[in-house]
Enquirer: 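Have a look at this one.
All figures in this text were calculated on a predicted structure; none of them were measured in a lab.
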Amino acid sequence: MKEKHIQILSVVLTLVYGVCVAWLYWAAPKNLEEVSSKARHTIESATTKAKVVTKTYEVDRVKFDEGLKAFRNENFILARDLFERADKQKLDSRTQFYIAYSYYRQGWGRFSNNDELFQKALESVNRVTRLDENFKANDPGLKLSTPVELKNELEEGLRVTADDFNPFKFTRERK
């Protein structure tokens, strides 16, 4: 080997060693089992970020489909959990729309709405708008198919108006 190659190899090995030491200080594992789990988490996170940068990021289809099934069975808590696990980086507008819709459906009440769930739905629907301004759900089971419609419904539900005290309000339908 040439002297130049040995120097380059030495610099590369030193940098790799330095990164490993820095990672150990940053991760602060308490035992050897924790080293492997934290390393796996770090590698998964780096891989996901690389996919985002290269625009090859996709949601976990299996978890998304399970979430959709739970959503259609009106098990909104399980559906949200599965959707969030399917889209860990919160970068898929369709998944985020279903998360917002599940908050809306769970928070909707015939006489009053759950403001906390409606606020969380607003956060999710705003995320959808940031990801894709022209998003439109193609699910026939959803009466509100765009983030604008859902946001309007949520804001109306959070607003206190004279109509909130209407005794015939119980006849309204959830969308």
Side-chain angles (χ1 to χ4, degrees), residues 27 37-175:
S37 69
K38 287 194 176 192
R40 188 177 337 100
H41 175 71
T42 302
I43 291 169
E44 286 174 0
S45 176
T47 304
T48 302
K49 288 179 183 172
K51 287 179 181 179
V52 169
V53 168
T54 60
K55 307 237 188 254
T56 58
Y57 176 78
E58 292 183 8
V59 297
D60 183 342
R61 280 283 139 213
V62 174
K63 284 188 176 45
F64 179 83
D65 291 340
E66 289 173 6
L68 200 54
K69 184 178 177 183
F71 179 83
R72 290 191 175 128
N73 290 329
E74 297 192 6
N75 188 348
F76 302 118
I77 296 170
L78 175 62
R80 262 194 316 276
D81 181 53
L82 290 167
F83 287 142
E84 287 170 359
R85 284 197 269 154
D87 185 20
K88 292 179 182 177
Q89 296 296 316
K90 299 181 179 186
L91 295 172
D92 182 60
S93 54
R94 182 175 179 218
T95 307
Q96 295 304 311
F97 187 74
Y98 275 105
I99 289 172
Y101 217 104
S102 69
Y103 277 123
Y104 163 71
R105 289 239 176 123
Q106 184 183 0
W108 184 88
R110 194 159 298 282
F111 296 104
S112 67
N113 299 316
N114 184 323
D115 290 347
E116 183 181 337
L117 291 174
F118 269 38
Q119 285 294 342
K120 289 179 181 179
L122 271 175
E123 292 170 15
S124 294
V125 86
N126 287 334
R127 195 175 309 118
V128 173
T129 305
R130 280 193 307 272
L131 292 170
D132 183 3
E133 292 179 8
N134 301 318
F135 177 81
K136 182 169 173 61
N138 56 0
D139 187 339
L142 304 178
K143 293 182 181 175
L144 307 169
S145 59
T146 65
V148 173
E149 293 171 332
L150 182 55
K151 185 174 183 176
N152 183 48
E153 185 75 17
L154 292 165
E155 288 173 346
E156 280 294 317
L158 288 169
R159 198 171 300 129
V160 177
T161 62
D163 189 44
D164 291 341
F165 303 104
N166 183 350
F168 295 108
K169 186 177 178 178
F170 69 92
T171 60
R172 71 186 181 123
E173 288 186 31
R174 182 180 71 183
K175 296 178 184 175

Enquirer: Out of curiosity, Leu122 CG to Glu153 CD, how far, rounded to the nearest 0.5 Å?
Expert: 11.0 Å
Enquirer: Quick check: closest heavy atoms across Gly67 and Ala79, and the distance to 0.1 Å?
Expert: O-CB, 3.4 Å
Enquirer: Can you sort out the partners of Asp65 under side chain to side chain contact (heavy atoms under 4.5 Å, CB included), two or more places apart, ordered by chain and number?
Expert: none
Enquirer: Less than 4.0 angstrom from a charged side-chain N to a carboxylate O is my criterion; do Asp139 and Arg72 meet it?
Expert: yes
Enquirer: Can you tell me how the ring of Phe71 sits relative to the ring of Phe83, calling it parallel under 30°, perpendicular over 60° and tilted otherwise?
Expert: tilted
Enquirer: What's the spacing between Glu66 CD and Leu78 CG if we round to 0.5 Å?
Expert: 8.5 Å
Enquirer: Only one of Asp132, Leu68, Ile99 passes side chain to side chain contact (heavy atoms under 4.5 Å, CB included) with Arg94; say which it is.
Expert: Leu68
Enquirer: Kindly indicate whether the side chain of Asn114, heavy atoms from C-beta on, has any atom under 4.5 Å from the side chain of Gln106.
Expert: no
Enquirer: Could you walk me through whether Lys120 and Glu116 pass salt bridge (Lys or Arg N to Asp or Glu O under 4.0 Å), step by step?
Expert: CA-CA 6 Å; Lys120 289 179 181 179; Glu116 183 181 337; 3.7 Å; yes
Enquirer: Who are the salt bridge (charged side-chain N to carboxylate O under 4.0 Å, His left out) partners of Lys151, not counting sequence neighbours?
Expert: none
Enquirer: Just verifying a value: how many Å separate Arg80 CZ and Arg105 CZ, rounded to the nearest 0.5 Å?
Expert: 12.5 Å
Enquirer: Show the nearest heavy-atom pair for residues Asp92 and Asp87, with the distance to one decimal.
Expert: N-OD2, 3.0 Å
Enquirer: Measuring centre to centre across the rings, with the benzene-like ring taken for any Trp, is Tyr104 within less than 6.0 Å of Tyr101?
Expert: yes
Enquirer: Taking all non-hydrogen atoms of both residues into account, name the closest pair between Arg85 and Lys88 and its distance.
Expert: O-CG, 3.5 Å
Enquirer: Where is the tightest heavy-atom contact between Ala121 and Tyr103, given as atom of each residue plus distance?
Expert: CB-CB, 3.5 Å
Enquirer: Identify, with sequence neighbours excluded, every residue that meets side chain to side chain contact (heavy atoms under 4.5 Å, CB included) alongside Lys69.
Expert: Asn73
Enquirer: Which heavy atom in Phe118 sits nearest to a heavy atom in Leu154, and how many Å separate them?
Expert: CD2-O, 3.6 Å
Enquirer: Quick one: pull up OG1 in Thr129 and CG in Asn134 and give me the separation to the nearest 0.5 Å.
Expert: 10.0 Å
Enquirer: Tell me the closest heavy-atom pair linking Leu150 and Ala100, and the distance in Å.
Expert: CD2-CB, 3.8 Å
